[in-house]
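The figures that follow rest on heavy atoms only: side chains count, while hydrogens, waters and symmetry mates do not. Predicted model, so just to flag it, every value in this text is computed and none were measured.
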Amino acid sequence: MTTTFPGIPYLEWIVDRVDEATHDLATSDLGSSRRGDDLVPPVLAGRSDPEDATLAGQLAERYGVSESSVLVTAGATNANFFAACALLDLASGDDEDRDESDASRPQVLVEKPGYQPLVVTSEALGARVDRFVRPPEYDYELEPPRLDGASTDAFAFAIVTNRHNPSGKLTPRAELAEVAAAAADAGGYLLVDEVYAPFVDPAVDGPFGGTTASGLDNTVVTGSLTKFYGLGGLRVGWIIGPEEVVERARSASMYLPAVAEPSTKLARRALHHSDEIEAAAREHLSANHDLLASFVAERDDLDGRIHAGGTFAFLDHADADGDAVADAAWDRGVLVVPGRFFDSPESFRISLGGDPEAMEPGLEAFGDALDDLAE
C-alpha cells in the first residue's frame, strides 16, 4: 500500500498568520498570548518536580488505567497519527495477499464538519476515508445511526472530537458509549480526540476535570497539554486505549523521534501541580467564554451557539460567507478561520485562547471588521 503525505491546507494557511496577526482569534489553546522566549514556561517556573513519578504513570493514574494502556507522544497530532497507524494495522491483519482495490482498503469514518488533519492523516496512511454528518440543524449532535449507515465491511474505525472541533459541542459520556457501541457493531473502533474535553467549568469527575470516553469498549482516546494547560511548546500528548492498540502504536512510534526529555520533565511538573494550574485555566476559560458569548449575543449579523464553557464556536454571518468574514477580519489585523477548512464554506470559526485582556480588543477590532461588511 503506497503512503503519501500531501499538504494539509488548513495548517499551511494558518502557520504564518498566527505570528503576523495583531489579534489572534483563531488559536484555541488557553494561554496562547502568554508565550515567551523562556525555556521554562512561566506557569511552571519555580515549581518543584515530583520525586517518584513517570509521565506515563501520572497519566495512567488520571485515567484509571495501567501504564501499558498509555503511550506518551509528541503532541496530540502525533498521538492521532500513531493511533491511526495502530488501528489500520489491526484492521489490515496479517494478510499480505489482500486486495488493494479502493473498496477493500480499510475504511475510516470522520465526522463532518471536522478538523481537516484528521481526514488527511488516515488518507495518507492508505485508508479510504468516508464522512458521517454531525448536522448543524441538530446542534452537531453525534448520532450513532449515521455511523451505522456509513460503515462498510472494511470499516476500521471512526474519528470524533470532543469538544467537537469546530462547533464546541460537548458530548456526554453516555452518548459517546452509544457511538462506541455502533463502532464495535460495525467491526471496528472509536477514536476520540479529547484535547478540548477539559474545557468545562466547573470541573466534572473525569481526567483533567472533563468528559472522557476512556474505558469504553473498542475506544481509544488522545489528549495533550496544549489546549487546556496552554503548554503547546512542550509538544506532549498521549494515547489511552486497549493494550493491543497501544502496543501497535508504540511500535509505530519507533520510526519517529520520541518526546524530548526536557519536555517530559516539564510535563511531569505540570501534572504534579495540576490543582493550581487547572484552577487558573478554568478562571481563564470562564472569562473568555463570557466575552465570546456576550459578543455574539450583541451582534444581529451573527448566528450560532456558544456552548456552555466553550471559548470557540462555529458561526455564520447573515450576508457573507466564511472567506469574506476572514478576509474582512484580516484587513483589521484579526485572525479567524474560514469554514472551508472545516467542510462548511459558509461559516467561520472564532477561538479565544489568550488572556481576556488581549481578547477584548481583538473582539472590538473584529466587530469593526463585521461592520465593514455592512457598508
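Looking only at atom types and distance, the side chain of Tyr138 has no donor-acceptor partner in the side chain of Glu143 under 3.5 Å away. There is no side-chain donor-acceptor pair under 3.5 Å between Thr54 and Arg268. Checking Ser92 against Asp89 by side-chain atom types alone, no donor-acceptor pair falls below 3.5 Å. Side chain to side chain, Asn165 and Arg349 meet the donor-acceptor criterion of an N or O pair below 3.5 Å. Checked by atom type, the side-chain pair Gln107/Ser151 shows no donor-acceptor distance below 3.5 Å. His284 and Thr311 share no side-chain donor-acceptor pair at under 3.5 Å. Judged by distance alone, the side chains of His164 and Ser167 do bring a donor and an acceptor atom under 3.5 Å apart. No side-chain N or O of His317 forms a donor-acceptor pair with one of Asp303 less than 3.5 Å apart.
Nearest heavy-atom pair across Leu292 and Leu363 is N-CD1, 4.5 Å. In terms of heavy atoms, Pro338 sits closest to Asp323 at CB-OD1, 3.7 Å. Between Arg282 and Gly210, the shortest heavy-atom distance links the atoms NH2-N, 4.3 Å.
The backbone N or O of Arg269 sits nowhere less than 3.5 Å from a side-chain atom of Asp49 that would complete a donor-acceptor pair. Although no hydrogens or angles enter the test, the distance criterion places no donor-acceptor pair under 3.5 Å between the side chain of Asp38 and the main chain of Pro41. A distance-only check finds a donor-acceptor pair linking the side chain of Thr121 to the backbone of Pro117 [under 3.5 Å].
Between the CG atom of Leu90 and the CZ atom of Arg248 there is a distance of 4.0 Å, given to the nearest 0.5 Å. Note that the CD1 atom of Ile240 and the OG1 atom of Thr222 stand 9.5 Å from one another [nearest 0.5 Å]. Expressed to the nearest 0.5 Å, how far CD of Glu20 lies from CG of Leu335 amounts to 9.5 Å.
Comment: Lys112 does not engage Asp343 in a salt bridge, judged by the lack of any side-chain N to carboxylate O separation of less than 4.0 angstrom. One finds no salt bridge joining Asp148 and Arg146 here, because no Lys/Arg side-chain nitrogen approaches an Asp/Glu carboxylate oxygen to under 4.0 Å. Using a cutoff of 4.0 Å between basic side-chain nitrogens and carboxylate oxygens, Glu141 and Lys169 are scored as salt-bridged.
Not counting sequence neighbours, the partners of Phe295 by the ring pair (Phe, Tyr, Trp, His ring centres under 6.0 Å) test are Phe366. Partners of Glu247 by salt bridge (charged side-chain N to carboxylate O under 4.0 Å, His left out), not counting sequence neighbours, listed by chain and number: Arg250.
A perpendicular orientation is assigned to the rings of Tyr63 and Trp238, their planes being inclined by more than 60° (bins at 30° and 60°). Ring geometry, Tyr10 versus Tyr115: the interplanar angle exceeds 60°, so the pair is classed perpendicular (tilted spans 30 to 60°).
At most 12 non-hydrogen atoms from other residues, nucleotides or ligands lie less than 6.0 angstrom from CZ of Arg235.
Checked against the 6.0 Å centroid threshold, Trp330 and Phe348 do not count as a close aromatic pair.
Ile159 and Leu11 fall within a single hydrophobic cluster, where Ile, Leu, Val, Met, Phe, Trp and Tyr side chains are chained together by heavy-atom contacts under 4.5 Å.
Side-chain atoms of Phe82 and Thr73, non-hydrogen and from C-beta on, do get closer than 4.5 Å to each other.
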Donor-acceptor contacts under 3.5 Å from residues 186-203 side chains, at least two apart:
residue : atom : partner : partner atom : Å
Tyr189  : OH   : Glu244  : OE2          : 3.2
Asp193  : OD1  : Val195  : N            : 3.1
Asp193  : OD2  : Asn80   : ND2          : 3.0
Glu194  : OE1  : Thr212  : OG1          : 2.8
Glu194  : OE2  : Thr212  : OG1          : 3.2
Glu194  : OE2  : Ala213  : N            : 2.6
Tyr196  : OH   : Ser28   : OG           : 2.4

